[in-house]
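Input: a single structure, listed below in structure tokens.
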Amino acid sequence: MFSIQDREFMARAIRLARKGLYTTDPNPRVGCVIVNNELVVGEGWHEFAGGPHAEVNALRVAGELARGGTAYVTLEPCSHFGKTPPCADALIEAGVSKVIAAMQDPNPQVAGQGFERLRAAGVEVLSGLLEQEAEALNPGFVKRMRTGLPLVRIKLAMSVDGRTAMRSGESQWITGADAREDVQRLRARSSAIVTGSGTVLHDDPSLTVRSDSLQATGNVAGRGLRQPLRVILDSDCQMDPKAKVLTQDGACVIATAHGAYIPDELASIEGLSVVPFSVQETQYGTGIDLNQLLHWLGKQNCNEVLVEAGARLCGQFVQQKLVDELWVYMAPVLMGSEARPLLELPLQSMADRLCLSLRDMRMLGSDIRMIYSPDHSGQQAEPAQTVVAKES
């Protein structure tokens, strides 16, 4: 159904969509290429939330050359009025004769209606070209539209012997500069960063994205850097009001227990919200209901959530099967048996073990980054054909 040339044009649209990796949240990353007489006459991508969509940007470049042409777009053109008019109408008004989409929009407000709108206007519509690659552009958006929950990643940095900090708590720095820059990029694409009050107490992190870390991408220049929502789990609401995480640019939330006393010093911090949640019993005691927290984050339009926390909280996310991906950065060092473990998981037998599927592996300087997906079927996955590549 699709030619080699069709695939090449769609691959080009996917590359364009990636340019919005750090800037479109909570909207999906979308690219569009308009072709007429086998020549590209216009292209564009959704550059930032609230701005024109990919199709509109591509049509502006194409002008009258779009008439009678084919639009290759990585996601079904929208059919509803949001902050911008429907892209399906823009394509119809421009006179394109065919639209080839990589995938249908999982958003219930669209979900095939954009295609129907185009077909009703006499535009030929095809879908499914490079669908997996297109879905990989927006894993969090797709999951949130289908389930109401964001995609959850855990970031872990460890030694070869699986340790994250010395017995004293000293942990800076396990990994090298290249790995830490990669974490900045991971933060930048995330809608929210979740941590625990214990991590804030011991490490006093900022949990922000450094602007100088992303300027080389060219994707944030001129539009400012969007800081992810920072979420600190503190069931007793006993946070130090002077903690760095509470005083940085961008919104911050303390997730606390219903009925917890909120000190005036916290309530008066600009940009800080305190949100009550139910609590749950864990093997470590009482803590915030993590499932309820994730549903709340989904309602806040969070697509991708990054957990940067200690072994205990990370272990709870894993044990409760709330994690989609584990990003593990391994440094070529040994820290010894007295150092702190990667996760606190009270597993008692081999039958309790959690199997993982390796999705990607690459070198970052002298460190190795491994991306795993938990396999809750209980069956160990077949070894992946994974290439260890240097980060470019």
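The model shown is predicted, which means the values in this text are computed figures rather than measured ones. Only this structure's heavy atoms are used, side chains among them; waters, hydrogens and symmetry mates stay out. Numbers here are sequence positions counted from 1.
Contacts of Ser337 classified as side-chain hydrogen bond (donor to acceptor under 3.5 Å, both in side chains), with partners at least two apart in sequence or in another chain: none. Shown here are the side chain to side chain contact (heavy atoms under 4.5 Å, CB included) partners of Pro150, two or more places apart in sequence or in another chain: Leu294, Leu297, Val305. By the salt bridge (Lys or Arg N to Asp or Glu O under 4.0 Å) test, Arg29 pairs with Glu304, sequence neighbours left out. In this view, Ser191 and Asp25, Cys302, Asn303 satisfy the side chain to side chain contact (heavy atoms under 4.5 Å, CB included) rule, not counting sequence neighbours. Gln5 pairs by the side-chain hydrogen bond (donor to acceptor under 3.5 Å, both in side chains) definition with nothing, not counting sequence neighbours. By the side chain to side chain contact (heavy atoms under 4.5 Å, CB included) test, Val61 pairs with no residue at all, sequence neighbours left out. Every residue two or more places apart in sequence or in another chain was checked for a side-chain hydrogen bond (donor to acceptor under 3.5 Å, both in side chains) with Arg60, and none qualifies. The side chain to side chain contact (heavy atoms under 4.5 Å, CB included) check on Gln113 picks up Ser79, with sequence neighbours excluded. Under the rule for a ring-ring contact (aromatic ring centres under 6.0 Å, His included), the partners of Phe9 that lie at least two apart in sequence or sit in another chain are Tyr72. Every residue two or more places apart in sequence or in another chain that forms a side-chain hydrogen bond (donor to acceptor under 3.5 Å, both in side chains) with Ser278 is listed here: Gln292.
Note on Arg153 versus Asp324: no salt bridge recorded, every NZ/NE/NH1/NH2 to OD/OE distance being 4.0 Å or above. A salt bridge is absent between Lys242 and Glu265: the closest approach of a Lys/Arg side-chain nitrogen to an acidic carboxylate oxygen does not fall below 4.0 angstrom. No salt bridge links Lys143 with Glu325; every basic N to acidic carboxylate O contact stays at or beyond 4.0 Å. Contact check on Asp360 versus Arg362 returns a salt bridge, with a Lys/Arg side-chain nitrogen under 4.0 Å from an Asp/Glu carboxylate oxygen. Ion pairing between Arg230 and Glu308 fails under the 4.0 Å rule for side-chain N and carboxylate O.
Residue pairs meeting the ring-ring contact (aromatic ring centres under 6.0 Å, His included) criterion with at least one partner in residues 246-280, sequence neighbours excluded, are Phe277-Trp296.
Of the residues listed (Leu246, Val231, Ile269), the one engaging Ile254 in a side chain to side chain contact (heavy atoms under 4.5 Å, CB included) is Leu246, and it is the only one.
The environment of Asp249 atom CG is sparse: at most 12 non-hydrogen atoms of other residues, nucleotides or ligands sit within 6.0 angstrom.
Using modelled atom types and a 3.5 Å distance limit, the side chains of Asp6 and Ser3 yield a donor-acceptor pair.
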Under 3.5 Å donor-acceptor pairs involving side-chain atoms of residues 91-101, not counting sequence neighbours:
residue, atom, partner, partner atom, Å
Ser97, OG, Gly68, O, 3.0
Ser97, OG, Gly69, O, 3.3

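Here the side chains of Pro341 and Thr164 are not in contact, with every heavy-atom distance at 4.5 Å or above.
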